[in-house]
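In this text, all values refer to a predicted model and were calculated from it rather than measured experimentally. In what follows, chains carry the letters A, B, and so on, assigned in the order in which the sequence lines appear, proteins first and then strands, with residues in each chain numbered from 1.
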Amino acid sequence: MGRYVLRRLLQFIPVLIGTLFLIHYLTTLGIQFTGNPVRALFGVRQPPDSVIAAVSAKYHLNDPCLQQPGNPCFGLFVDRLASYARGDFGSDFRDQSVLDLLSRRWPVTGRLTLIAIVFEAVFGILLGVLAGIKKDRFADQGVKVLTVLLISVPVFVLGVLVQLALGVYVGNWIGGKEWLPDWTGEVFSVTFQGDHPWLSLIIPGMVLGALSLASIARLTRTGLIENLSSDYVRTAQAKGLTRKRVIGVHALRNSLIPVATYIGADFGFLIGGAIITEGIFNIPGVGGLVYQSIIGGVVPVTVAVVTILVLIFLSFNLLVDILYAVLDPRIRYD
Amino acid sequence: MSTQTVPETGELGTADPLLAVDDLHVQFRSRDGLVHAVNGVSFTVNAGETLGVIGESGSGKSVTSQAIMGILPPTASVTGEIRYRGEDLLKLPEQRRRAIRAESVAIVFQDALSSLNPVFTVGFQIAELFRKHRGMSRSEAKQEAVRMLDLVRIPNAKERVRSFPHEFSGGMRQRVMIAMALALDPDVLIADEPTTALDVTIQAQVMDLLRDLQAERDMGLILITHDMGVVADVCDEIAVMYAGRVVERAPVRDIYATPAHPYTRALLRSIPRVDRKGSALDVIEGLPPNLARIPQGCSFHPRCPFVQERCRLDEPPLYQVGYGRDSACHYWEEVVDA
Amino acid sequence: MTERPMEAVAQEQREVQDGPGPEDAQPGRSLWGDAVHELIRNPLFIAPLLVVLAIVSMAIVPQLWTSVDPQACQLADSKQGPSPGHPFGFTVYGCDMYSQVVYGARPDIIIAVVCTVGTMAIGVALGTLAAYFGGWVDVLISRLTDIFFGLPFILAALILLSIVGSHSIWALSAMLILFGWTQMTRIMRGSVLETKNRDYIEAARALGAKSPRIIFRHVLPNAIAPAIVISTIALGTFVSAEASLTYLGVGLERPTISWGVLISGGQEWAVAGHPHLLIAPCAFLIVTVLSFILLGDALRDALDPKLR
C-alpha cells in the first residue's frame, strides 16, 4: 500500500507541473495573440499610466517573449513557479493580494462544496440502491426519469429556476406565515445570509450537487445491478446470509468503488459549478471572486485563483486515488 | 416418477436418506419462452456416501445443485421435493431455509476467483459465517477462520487469514472455498465442478482433500462434474444427466464396466486414451438440445446410435437395470450387450 | 436474484445451434445488427430521435419553422408576454421570442456537432494509440491526458476566453474541443485495452496481420461502442456547456442568437416578474439535451452485450 501511495505521489508531481504549465501557456498564448499584453490584462478598460507601468513591471509584461505568438516563455514560467513557492500569487489592481482576497471567501465556498458533496453522495447512493434493487419496477423507472431530467438541466438553468421558484415564490409564501420558525425563512432565502452561513447555503448546495447526484445514482444503480448477478453474491447467498447483508455489505461495497472515483473527478466540475452557483445566488465565495474578476477584467486574479483551484483539484484527486486503493485491494499492487 | 431403490419407511427413521431429491422440475421464464432446465430428477445421498453427477454443460446439473441450496433467481419455478432428513426444503419458509444453508447443506463453486468477494479478506469471509450463524464475536470468529484454513492445509494460516482472494493461487483459492463451505460442519456438501478450473496436479490435491474431509466428517458428498476421469476414484454412485434428466444411475464400477445408456456409453468412449494413440477421437454426433424446445420422445434420440422408432415418440421412464441401477433407455439391454 | 444458471443454460443454447429439432434456429446477427433491430422498437429511442431531427431542422432551415424575422425587434415590445402571432412573447430587447428560439438552435447545434466530431477524432485516435501500443506511447498520452484533465473545463474556458476576448462560435468550439477531448480519450483507451486482449485479436496476429490492419478491422469496430454512446451524450453536454459559458460571460453574446444568450439575457428580468423570458429558451435547451441523453442511453442499452 505504501508503495502505491508513493507511486501516486510521484505521478502527481509531473502532472501538477504540467497543468500549471498549461495554465501558463494558455495565458501567454492569449496575451501573445491579442498582441497587446497590457490590453490583455485590462480588457476594455483603460487605466491610468502609472497603474499600467506598475503592473507591467510586476508581471514582466515587457518581456520580449510575449511578442512572439507561440513562444512558451519558460523563463516567465519558472518565475511564476518561484513566486508561487514563495506564497505570492499576485494581487488585484488595488494591490490586495490574491491570498488575502481568498482567505475571506474560501470558508463560504468550502461550506457550499461540502454541502453539495454530502448531498449528492448520500442521496445519489440511496437513490441508486433503490433503483438497483427494484430494477424495472416503478421505483426504478421513477429514479431513471428523475436522474435523466437532472442531467439534462445545466447547473445555471437549474439555479435560476430554483431561485425563481423557491426564492421568490416559496420564500414570500413562508414570510407570510408566522407559525413557521424563522430558520425556514433562512433556508429558502434568495441570497446568502452572513449570520446563517450554513442554512442559507443548503439550497444552493443542493443545486450545485444536483447534476452529480443524478450521475452518482445512475452509477450506483448500474454497479449494483451488475454486482447483484455476480458469482460472489451467489456465494454470499449460499452462505445463508440475509438479503440485507448480501446487498448492503457484499454487493454495495463493490458497487461503491466507481462512485468514489467519480466523486474525485467530479470535484473539478463542482468547482466550475460553484462559480456559476455563487454568481446566481450572490454568494461571496471563491466562485464569486472569479466571476467578478472576469466581468471586471481583472485577469491576474482570475489566473491566480484558477491556479489555486487547480492545485486543490489535483490534490483532491490524489486523495481519491488513495481512497480507491483502500476500497479495492486489488489495485494496490498495480 | 422415480424408482427409488432405497426402501422408504413411514417415519423419520434410519431409513431416511440424508438428502433425497424427488422428481425435481425447474423452469425458467426467459425471452425464448419457458426453459426446462430440470425435468424430473431424483437421487439420494447418505452420510459418508459420494454421489457423482455427470453431464455436459446445459444438462441441468448446476441448476439442480442451486435448487437444493435454494439460491435460484426469482424467474425460476421449482416443483418436486427436496428432503433433508425427511423435511421438504421447498416447503420451508425462507428463514428456515437460510438457517439450513451453510449449516446443514453447503456448496463449493467452480471458479473460486469470481466466487469470492474481491474486496474482503478471506478471513472476513469465513469468519462471517461464524458471526452470523453462531453469534460469535469478531475475535472468536477469526480464530475459527484460522482453524478452517489450517484444516484445508493452507500454510501460514494465521497470516494468510488477512489476505485477499486475488493473492492466492488457484488451488489455494479453491481450498479457501472448501474451508468456507465446511466452516459450520454441514452434513451435505455439494461440490459443483470444484476442480475444472485447476491444473491436473492441483486437481488431484484438491480431490484428495475433499475425500479426506468427507471421511473425517462422515458427510454426504455430491460431486458435480463433466470429467469422468475424476469421479472414478472418489464416488460410490454415479448419476448421469442429460437435458435435465437423470438418464442413468448406478454404482461407480458398474457404470464404467457396463454402461446401460447410450449417452453414458458414448461419454466413456469419448475419453481420449493413451493406448489408442493414433486413431480418431470418438465424438458424440450432434449437439445438446435447446432446453426451450426439447425434442419429443427421448431427449437423446437425435444423437443416439441405438435409436429406433419408439424413441422418437415415447419418453423412456427409468427402467430398473439391476440392483441399485436405472437407465432411461427403452433398449438398454442392447446397450449393455454392445 | 442471480441470473447465472439460466443465462449459462440459455447462452449455451444460443452458441450451439438447435440440433435437428422441429423449429428453425435464429439467424446469426452481429452486435450492430442486433442493436439496430432493438433500437427501432424502442420508443425511448424513436421519440428523442424525432425531437433531435426537429431541432436540427430548426438549425438548418429555420424558415421552415417561423416566418418572423428574429432581428425585427422593437423596444416598445420589450418583455411583453405571449400574444396572438407571438406564442412565446417578446424578449428583453423586444424581439419575437419564438423566432429567436428557433434561430437560436443553429449555433448550439453547430457547436455540438463540431465539438463532438473534434473530440471524438482526437479521443479515438489518442485512446487507441495509447492502449494498443502501450509502453512509452501510453505513458506519454496518459500523462498528457492527466495534465489536461487537471484543468477543469470551465476554468480553462474562463482563462482563455477572458484573455482572448473573442465571442465567436469558432473560438468557443475550439476551446471546448481543446479541453473536452480527455474524457473521450480515457473511455476509448479503456475500451481498446479491454478489446485487444481478446482471443480473436491474438488469432489475427497469429495469422500474420499487421498492426494497422488489426487496429482498423478488428479492434476499432469492437471497441468503438462506448465511444459512440458517450459522443451522443456529449452532443447534449456541449449544448449545455455553451449555455453555461455564455451565462458566465465568456461564451456567445449578442447579436449572436442562441439559447444561452436568451437565458442569460432574460434572467434578471424573469425573476422580477417576467417568467416567460426564461421558459421558452430553457425548455428548448432542456428538451434538446434530454433528447441527446436519452438517445445515448438507448444506444448503450442496445449495444451492451451484458444487458441483452
Side-chain angles (χ1 to χ4, degrees), chain A residues 11 14-16 18-19 21-23 26-27 29-31 33-34 40-41 43-44 148-149 151-157 160-161 163-164 167-168 190 226 228-231 233-234 237 243 246 265 268-269 271-273 275-276 279-280 290-291 294-295 297 299 302-303 306 309-310 313-314 317, chain C residues 1-5 7 143-144 146-166 178 183 233 236-237 239-241 243-244 247-250 260 263-264 266-267 270-273 275 278-279 281-282 285-294 297 306-307:
Chain A
Q11 276 174 355
V15 172
L16 179 64
T19 313
F21 179 72
L22 185 62
I23 298 179
L26 283 180
T27 345
L29 263 185
I31 295 180
F33 274 104
T34 54
L41 272 193
V44 279
V148 147
L149 273 177
I151 295 184
S152 312
V153 181
V155 174
F156 80 96
V157 172
V160 160
L161 292 176
Q163 190 182 44
L164 193 63
V168 176
V190 182
E226 247 181 62
L228 282 179
S229 57
S230 64
D231 285 350
V233 162
R234 187 179 56 172
Q237 285 174 285
R243 192 176 141 93
V246 171
F269 170 81
I271 294 179
I275 297 178
I276 296 176
I280 295 178
V290 175
Y291 192 56
I294 294 174
I295 298 196
V299 173
T302 316
V303 174
V306 167
L309 288 176
V310 165
F313 173 54
L314 285 173
N317 262 330
Chain C
M1 208 167 4
T2 56
E3 296 265 51
R4 266 241 9 221
E7 193 163 87
R143 289 306 135 245
L144 193 65
D146 285 344
I147 290 176
F148 270 84
F149 188 72
L151 190 53
F153 186 89
I154 295 198
L155 298 185
L158 288 179
I159 297 184
L160 197 53
L161 291 172
S162 60
I163 293 181
V164 168
S166 161
L178 192 57
Q183 190 199 20
I233 300 184
T237 313
V239 172
S240 217
S244 305
Y247 178 79
L248 283 176
V250 292
I263 297 179
S264 49
Q267 187 220 349
V271 176
L278 280 185
I279 295 185
C282 281
L285 180 63
I286 296 177
V287 165
T288 307
V289 175
L290 180 65
S291 303
F292 280 121
I293 294 184
L294 286 176
D297 268 359
K306 279 185 286 201
L307 295 179

Side chain from CB out, backbone as N, CA, C, O: work out which of these in Val157(A) comes under 4.5 Å of a heavy atom of chain C, or both, or neither.
side chain
Please state whether the side chain, the backbone, both or neither of Leu314(A) comes within less than 4.5 Å of a heavy atom of chain C.
side chain
Taking Ala156(C), Ser244(C), Ser264(C) one by one, which has the highest count of heavy-atom pairs under 4.5 Å against chain A?
Ser244(C)
Counting only heavy atoms not in Gln11(A), do more than 12 fall under 6.0 Å of its CD?
yes
State, with a plain yes or no, whether a side-chain heavy atom of Ser291(C) is found less than 4.5 Å away from one of Val287(C).
yes
Non-hydrogen atoms of chain A under 4.5 Å away: do they reach the side chain of [X], the backbone, both or neither?
X	answer
Phe148(C)	both
Ile279(C)	neither
Leu151(C)	both

For Ile293(C) versus Ser152(A), what's the shortest heavy-atom pair and its separation?
CD1-OG, 3.9 Å
Look at the aromatic rings of Phe149(C) and Phe313(A) and report parallel, tilted or perpendicular, splitting at 30° and 60°.
tilted
Start with the C-alpha distance between Val155(A) and Phe269(A), add both sets of side-chain angles, then the distance that settles side-chain contact (heavy atoms from CB on, under 4.5 Å), and finish with yes or no.
CA-CA 10 Å; Val155(A) 174; Phe269(A) 170 81; 3.6 Å; yes
